[in-house]
Structure formats: C-alpha cells, structure tokens
Amino acid sequence: MRKQSKWMLRIMAIATTGALLITTPSALANTLDDLKQEQKQLEQKKNNIDSTIKHTEGKIDQNVSKIDQIMAQIKELDTKIINTESQISEVLNQIKLTTTEIEKLQASIKELERKIEERDQLLKERIRAVQVSGGSVSYLDVLLGANSFIDFIDRFSAVNTLMDADRTILEEQANDKKQLEEQQASLNKKLQQQEDSKNELLSLKASLDGQKASKGNLVDQLEVEQAKLHEEKEGLETEYDEILNLSQETQNKIVSEQKRLAEVARKAAEEKKRKEAAERQRQQAASGGGGGGSSIAIPNVSAGAWTKPASGRYTSGYGSRTHPISGGIKTHYGIDIANSTGTPVLSAADGVISYASPLSTYGNVIMVTHSIDGQTFTSLYAHLSSIKVGVGQVVSKGQIIGAIGTTGNSTGPHLHFEIHIGNWEGMAKNSVNPLRYISL
C-alpha cells in the first residue's frame, strides 16, 4: 500500500508538472518558482505603467489648463466683437439718419434756388421796363401828374402798392439768399459728418475683421490643443490596454476560481456604474423641472450676422472628446450649452426652417438654412424638449424656435449646436467650429 501510495504521489506530481507545461505560455515558467518570478516581474511592469499613466495624466491636466486659458481669451474677444458690432450698428444708423437729413437739405436748397432764380428774372424785367421808359421811375412825378384829387388818391394808392411789392420782393430775395447760405453751410457740415462716419465705419470694420481673425487663430490653437489632448488620451488608453493584456496573461496562469472572482468583480463594477448613471439621470430629471420654463433670461441678440442660440454654461467644445455615455474617444461635431429643461432656444441667424422633427440619437432636432453674404449655412439644434416652428417657416435671428431638453442620446438637459457650410448631409460633412461664428 505504501509503495502504491508513493507511485500515486509520483504520478500526481508528474501530471501536475505536465499541466504546468501545457498551460504556461513561457518556456521558462515550468515550475511554481518560475511562475512566482514571472508574477513579480509583471507587478514591476504594472508599477512602471502606473507611473507612465500618472505622467500622462499630468500632461492631460496641462492641456486642459491651456485649453481653459484659450477659452478665456476667446470669451474676452467675444465681448470685444459684440461691442464692435454694436458700434458698427450705431454708426450705420447715424449714416442713415445723416443721409435723410442731407436729402431734405438738398431738396430745400433746390427749392430756394428756384425761388431766387424766379425773383431774379422778375427784377431783371423791372429793370428792362425802366430802361425802355427812358430812365428811373419817379413816384413823385406820378403823384404830381394827377388831374384831380380822386386821381391823386388813386395814384397814391397805386404807388404805395408798387413800393410795397418792390420792398417785399427785395426782402424775400435777401431772406432766401441768407437761408440758402445757411442751408448750404449745414449741408457741407452734414456731408463732412457723413464722411467722418464712413471713415469710422471702415475703421470699426477693420477692427472687427482683426478681432475675428484673432479669434480664428485662437480657435485654431484650441483645436490643436484638443488634438494633443486626444493623442494623450489615446496614449493613455494604449498604456491601459497593455495593463489589461498583462493582467490577462497573469490570469491565464492562475486558478479558475480567480477567473470566476474576476468576472464577478467586473459585473459588480458594471452594475455600480449603471446605478451611478441612473442616479445621475434621476437627479438631473428632478432638477430639470419636468419640462417647465427656465428662469434664465434669453441671451442678448448680437448685432452681427450670428448670435448665441441659448443662455447657459458652455460644457463641451468642438473636436475630440471622451463620450459621456460610451466612454470612448469620439469626435464632437458641435458645442454643448447646458441649462434647465425648457430654456428658450433661438435661431442663430436669419433663415428658413429646413427640418423640425426627431432625428436618431439627436432626439428632437431643428435645422435652419441661412444665406449670409451669398454663402449657404445650416445650423442644427438637438436634444430639444419642444419644437415651436415648422418646415418652410421664415425665422429671424434671435427668434425663439424651441426649448432645451434631453431627448435622444443625452446625459442631461443641454443644447447641442452645430454649424455646417452648405446643406446638412450628416454630422461629419462640412461641419465647422461654431465658435468661429457665434460669441459665448
């Protein structure tokens, strides 16, 4: 029995050693000591990767800080752009008012010149009549030539009438000439004012173009930094994948019970994540007012071609980002403005409603087609709680067209806003960063 037991122990040892040879991928890891050494090396690699991840996260924090700085500069430029556009609007109104005043003065001057010309002709005829009679008219000779008292009275009345008429003509001529000089002086002044206003307008437009160019450069920098952030995140994910792969190698070398526990842990983590997401949605729904109106005021309508489509907090920019639902790196083809459900959504520019219905993961969507300086644009407003316009309806910049909501694929109430050059033919085609056109 003892010999048989010894043979059984040897057979079990050989079987165990054979199993290790079959299940271990490394030719060197043939013994338990080799496995322990391999695990130790793996732990060292994990520590090194953890260090790399922390270093990468530090770089990401630096990128986020730089993006925040650029966004602050963009918002500062937005304020200047809004002020400049308002000044341009005021100057244009002043030019329009001055033009009206100039047209009235020119019409008045033309009428005065006509009256003066007519009186000049009348006076010239009077002078020619005197010359034909052989000299100057003597009102005293006219009176002394009366044949009777009644004739004298008649002549006296006629002389007074002629004298009053001559005096009136001369006074009116003098007054009109004086008024003509004054109006011509006023006209010259108005013309100079208009010229000054036009020069100021040119200067303001040049300043506005410079501000928009500076903003465009900042948006370029922003997108570069966002691209860096994307690259850093991809690097972080690569490092993380390496950890998972190494962990998988380790799991292949341990017992099945540990595999079972790992699966239990994975499911527990997913359940925790699901519960946390459900709790966030419940809290957001509770704070959203159930579709009620927002106490946030409608944003001021900018003086330029475009205006901000809604009040609220800028929460997500254009470009690559970590998707809030899937968790993967995705391209975000618009910007997000968060606010409570029911907050008014405005048309960002004059245009025509070209779509107003639910659309896939966008939820309730409105699209507005614009024609600005001969260029066609399409703006898109997504996740709306309500739609207040219909297809074919003409809308003005700043007109309420809908309300913020959380329909479609959304983690909370916000407006997803896109701008496309030309017609909308999918989220990725012809999309541009809305910050190039609107001011926050």
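Note that the structure is a prediction, hence the values are computed from the model and not measured.
Between Trp306 and His370, the two ring planes are perpendicular [angle over 60°; tilted spans 30° to 60°].
Here the rule is side chain to side chain contact (heavy atoms under 4.5 Å, CB included) with Val389, and of Val368, Ile353, Ile400, Val352 only Ile353 fits it.
No side-chain donor-acceptor contact under 3.5 Å links Glu418 and Ser379. A donor and an acceptor atom, one from each side chain of Ser197 and Gln94, are nowhere located under 3.5 Å apart. Donor-acceptor pairing under 3.5 Å is lacking for the side chains of His420 and Asn430. No side-chain donor-acceptor contact under 3.5 Å links His414 and Thr315. Remark: the Asp196 side chain and the Gln192 side chain contain an N/O donor-acceptor pair separated by less than 3.5 Å. In summary, the side chains of Tyr318 and Ser431 do present a donor paired with an acceptor at a separation below 3.5 Å, with no hydrogens or angles considered.
The backbone N or O of Gly402 sits nowhere less than 3.5 Å from a side-chain atom of Ser386 that would complete a donor-acceptor pair. Checking side-chain atoms of Gln193 against main-chain N and O of Lys190 turns up no donor-acceptor pair under 3.5 Å.
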Is there a salt bridge (charged side-chain N to carboxylate O under 4.0 Å, His left out) between Lys215 and Asp220? Walk through the geometry before answering.
CA-CA 9 Å; Lys215 180 180 176 180; Asp220 290 339; over 6 Å; no
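Atom CD of Glu76 has 12 or fewer heavy atoms from other residues, nucleotides or ligands within 6.0 Å. Enclosure of atom CG in Asn188 by more than 12 non-hydrogen atoms of other residues, nucleotides or ligands within 6.0 angstrom is indicated.
By the 4.5 Å heavy-atom criterion applied to side chains, Tyr333 and Val432 are not counted as neighbours.
In summary, the aromatic rings of Phe377 and Trp424 are positioned with their centroids too far apart to meet the 6.0 Å limit.
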